[in-house]
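Note that this is a predicted model, so its numbers are computed, not measured.
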Amino acid sequence: MATTPASPTRSSPARHDPVVAGASELIGGPPGKHAVIGANRSWWTPLRLLMLLVIVSCVLGYVQKAGCRDTRNWSDEYQYTRMCYSDVVALYSQEGLIDGKIPYLDYPTEYPPVIGAAMQFVSVFAGLGSAPAAVFRTDPTGAQVFDHYSMDSRSALFYDFTALLFVLAACVAVACTALTAGRTRVWDAALLALAPTLVLHLLTNWDILAVAFAAGGLLAWSRRAPRLAGILFGLGIVTKLYPVFFLVGLAALCLRTGRMRELARTAVFAAGTAVLVMLPVWLTAGYFDGTTKVSGGIWSTFWGGGDWIALLDGESAGAHNGLQRFFELNSERGADWDSLAFGLTWAAGKYDTGWFAPVHLLVLAVTLLLAGLAAWLAIRRWPWLTRPIVAAAVVCWLVPAIATPLVLGAVHEHGIPVGTLNIITAVLLVAAVAGILALALLAPRRPRVPQVVLLLVIAFLLTNKVFSPQYTIWLLPLVALARPRWRLFLVWQACELWVLFTRFMHFIFNDTSGADGIDRGWFVGAVVLRDLVLCVLAAFVVREILRPERDVVRADGLDDPAGGVLDGAPDVRGGQFGVRSLLPRRPRRSQEAVPAGVPASVE
């Protein structure tokens, strides 16, 4: 009798995750060991339930910031005490959209092109609203006196329509994450759908658009569509830069498995998409001295018979192409509030140099522990390289040991110049990326794609001089795919909430000259705590890469649901072949070149 193969049994988080198991007691507890998950057909499929959950989260996010929808409330620290500050509201007027200005053409928008396009698209509908109008009342004498201004409905509509766009992007991100996780682990996407930081930061900025593009690109890669993946990654890169690390992670894993053709297609389509988006903006953008428009763009100058060739380098008589503002701000700005560089600058300048000794001892202990652990793991894997590994570990320990007091003393005396800060952050990022790529290439078993990408994005955030609060939602789909466990995830989310609270309370402290709010030490301490938790999260991911049996995804018998062509692919270099397989192989001599009577050498 012919039989139909059974569909894979869907994994239930309530069976494996203690947090979910505890929460499931509200509805009767986890399913029994003989229960078949997903056997009964229902309209409420897991994906539809996830859509419902993420819509609820988005509605909560809209309500949480609804108080700042009315710009009349932006006084007396209202936007900070209610934690409802939103760039969506603030930049509508700051970027000139409220006056009908077009991003890049009439105002040098500080964001990449896709965000500028989203701003302009929504502002068309927001323009249907009305400007504030004076409202009068009748006093006891019968005279008409001014009472207040009406709400600026243009700004409110801009917030509302942007929220609708973001709800759509959030649904796309959750759906793509669930589909990337696979049929058996679709519930892993609940970490994104129910994330507290999604509620807090959905409407903080336009980052959810980049998250949707990145999640879509990863889904396309998992479905073995490298060209579509490249297009979506390219759109993500020109929305927020971080999706470029998806390509970096894929490069290491494709090198290990010999799948360079698929990688090349993805990279070419990503680069082509980015160029096709940025080139028209570059040609049509105006030239600005600060925020003042000096001249038209290359395209308008060309048709007007002007010297358009002189504008191709992006400069004209001290003015700059409007598209350059994003790059200029990122190169010229100092350490931002939520970065470790900001905390280091503040701490080194505030405290006496006598406090540097405990910090130095802590750095010595931590670097010794990390270098020793890395050396021990490497020697166990490659015992024939014991001496080079020990030498490298000693160097890795001596460099921070010698540099720490020098850096602290220099920062205490002179601060950190922007140029120096750019170099330091670049060096730290390159070192972190090199270490992660080495791990991806040399781990005993090929890591999963989300694991490598998550480590790369965490390294970027921790070494970068800018770590805006909303950047945390970049990590949500990656955490859901790389390490779908709730306990540490919720600890991290609580730390993000604490960072946001202390941030706003410190802004109140600054605005009121210390009369209200909290001192900077509380805020810096919250940032350090959050970053330490991210380091712990990264350490758990590294442990699961080195010991795949601890990986909850691979414990279900899967290899890499997000891997696409990498899923189940054998290694051709790195991994069990060791470091030597990464080097060019010596070509073998042909058998015809061996003289008669001489035995052929055997490798």
Side-chain angles (χ1 to χ4, degrees), residues 54 57 61 166 169-170 172-174 176-178 180-181 188-202 204-219 233 236-237 239-249 338-340 429 432-433 436 447-464 466-500 526-527 529-542 544-545 552-553 562:
V54 70
S57 296
F166 288 0
V172 169
V174 171
C176 291
T177 302
T180 303
D188 291 346
L191 275 81
L192 169 58
L194 296 175
T197 52
L198 181 64
V199 176
L200 289 174
H201 295 306
L202 176 71
T204 298
N205 202 283
W206 285 263
D207 295 69
I208 190 63
L209 299 179
V211 173
F213 284 128
L218 194 57
L219 174 61
F233 286 144
I237 291 170
T239 307
K240 289 285 185 175
L241 187 61
Y242 87 96
V244 72
F245 291 103
F246 287 67
L247 298 176
V248 175
D338 300 69
S339 66
L340 286 175
L429 177 60
V433 169
I436 294 168
R448 293 187 292 111
V449 170
Q451 291 175 319
V452 177
V453 177
L454 174 63
L455 293 177
L456 289 170
V457 177
I458 289 178
F460 173 69
L461 292 176
L462 294 183
T463 58
N464 197 18
V466 179
F467 191 165
S468 298
Q470 71 273 8
Y471 289 1
T472 186
I473 66 175
W474 299 356
L475 299 173
L476 294 177
L478 298 175
V479 173
L481 295 172
R483 195 175 190 275
R485 295 177 180 267
W486 281 89
R487 183 174 295 168
L488 184 56
F489 174 79
L490 291 177
V491 172
W492 166 50
Q493 294 290 287
C495 290
E496 294 287 357
L497 175 60
W498 181 240
V499 168
L500 186 64
V527 171
L529 177 63
R530 185 271 312 276
D531 291 349
L532 286 175
V533 172
L534 282 177
C535 289
V536 172
L537 176 61
F540 273 101
V541 174
V542 171
E544 291 164 6
I545 289 175
V552 67
V553 175

Query - Aromatic plane relationship, Trp486 with Phe489 - under 30° parallel, 30 to 60° tilted, over 60° perpendicular - result: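 Perpendicular: the ring planes of Phe489 and Trp486 meet at over 60°.
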Report task. Describe, in one word, how the ring planes of Phe246 and Phe233 are oriented to each other, choosing from parallel (under 30°), tilted (30 to 60°) and perpendicular (over 60°). Result ->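 Answer is tilted, since the angle falls between 30° and 60°.
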Measure the shortest side-chain to side-chain distance between [X] and [Y] over non-hydrogen atoms and say whether it is less than 4.5 angstrom.
{"X": "Val552", "Y": "Arg483", "answer": "no"}
{"X": "Leu534", "Y": "Leu475", "answer": "yes"}
{"X": "Val553", "Y": "Glu544", "answer": "no"}
{"X": "Thr204", "Y": "Pro469", "answer": "no"}
{"X": "Leu218", "Y": "Val453", "answer": "no"}
{"X": "Ser339", "Y": "Val466", "answer": "no"}
{"X": "Leu429", "Y": "Asn464", "answer": "no"}

Taking all non-hydrogen atoms of both residues, which atom of [X] and which atom of [Y] are closest, and how far apart?
{"X": "Cys176", "Y": "Gly216", "result": "SG-CA, 3.7 Å"}
{"X": "Ala210", "Y": "Gly236", "result": "CB-O, 4.3 Å"}
{"X": "Ala193", "Y": "Leu198", "result": "O-CD2, 4.1 Å"}
{"X": "Ala170", "Y": "Ile208", "result": "N-CG1, 3.9 Å"}
{"X": "Leu455", "Y": "Ile436", "result": "O-CD1, 3.3 Å"}
{"X": "Leu481", "Y": "Arg448", "result": "O-NH1, 2.9 Å"}

To the nearest 0.5 Å, what is the distance between [atom1] ([X]) and [atom2] ([Y])?
{"X": "Thr180", "Y": "Leu219", "atom1": "OG1", "atom2": "CG", "result": "4.0 Å"}
{"X": "Ile545", "Y": "Gln451", "atom1": "CD1", "atom2": "CD", "result": "4.5 Å"}
{"X": "Leu462", "Y": "Leu532", "atom1": "CG", "atom2": "CG", "result": "9.5 Å"}
{"X": "Asp338", "Y": "Leu461", "atom1": "CG", "atom2": "CG", "result": "11.0 Å"}
{"X": "Leu490", "Y": "Cys495", "atom1": "CG", "atom2": "SG", "result": "11.0 Å"}
{"X": "Phe540", "Y": "Arg487", "atom1": "CZ", "atom2": "CZ", "result": "10.0 Å"}

Query - side chain to side chain contact (heavy atoms under 4.5 Å, CB included) evaluation trace for Val54 with Leu192 - result: CA-CA 8 Å; Val54 70; Leu192 169 58; 5.9 Å; no
Query raised in the report: For Val536 and Trp492, what are the C-alpha separation, side-chain angles and deciding distance, and is it a side chain to side chain contact (heavy atoms under 4.5 Å, CB included)?
Result: CA-CA 10 Å; Val536 172; Trp492 166 50; over 6 Å; no
Requested in this report: Under the side chain to side chain contact (heavy atoms under 4.5 Å, CB included) rule, what do Ser57 and Leu194 come out as? Steps first, then yes or no, please.
Outcome: CA-CA 6 Å; Ser57 296; Leu194 296 175; 4.3 Å; yes
Report task. Go through the steps to decide whether Val172 and Phe213 satisfy the test side chain to side chain contact (heavy atoms under 4.5 Å, CB included), and finish with yes or no. Result -> CA-CA 9 Å; Val172 169; Phe213 284 128; over 6 Å; no
Requested in this report: Quick one: which residue pairs count as a salt bridge (charged side-chain N to carboxylate O under 4.0 Å, His left out) with a foot in residues 205-216, not counting sequence neighbours?
Outcome: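 Matches after skipping sequence neighbours: Asp207-Lys240.
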Query raised in the report: Distance under 6.0 Å and angle within 45° of the ring axis: does Arg530 meet both against Phe467?
Result: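 Yes, a cation-pi geometry.
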Report task. Could you verify whether a donor N or O on one side chain and an acceptor N or O on the other, from Thr197 and Glu496, lie under 3.5 Å apart? Result ->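 Short answer, no.
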Query - Contacts of Thr463 that satisfy side-chain hydrogen bond (donor to acceptor under 3.5 Å, both in side chains) - sequence neighbours left out - result: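 Result, side-chain hydrogen bond (donor to acceptor under 3.5 Å, both in side chains) vs Thr463: none returned.
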Query raised in the report: Looking at the rings of Tyr242 and Phe460, which for Trp means the six-membered one, are their centres under 6.0 Å apart?
Result: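 That pair fails the under 6.0 Å test.
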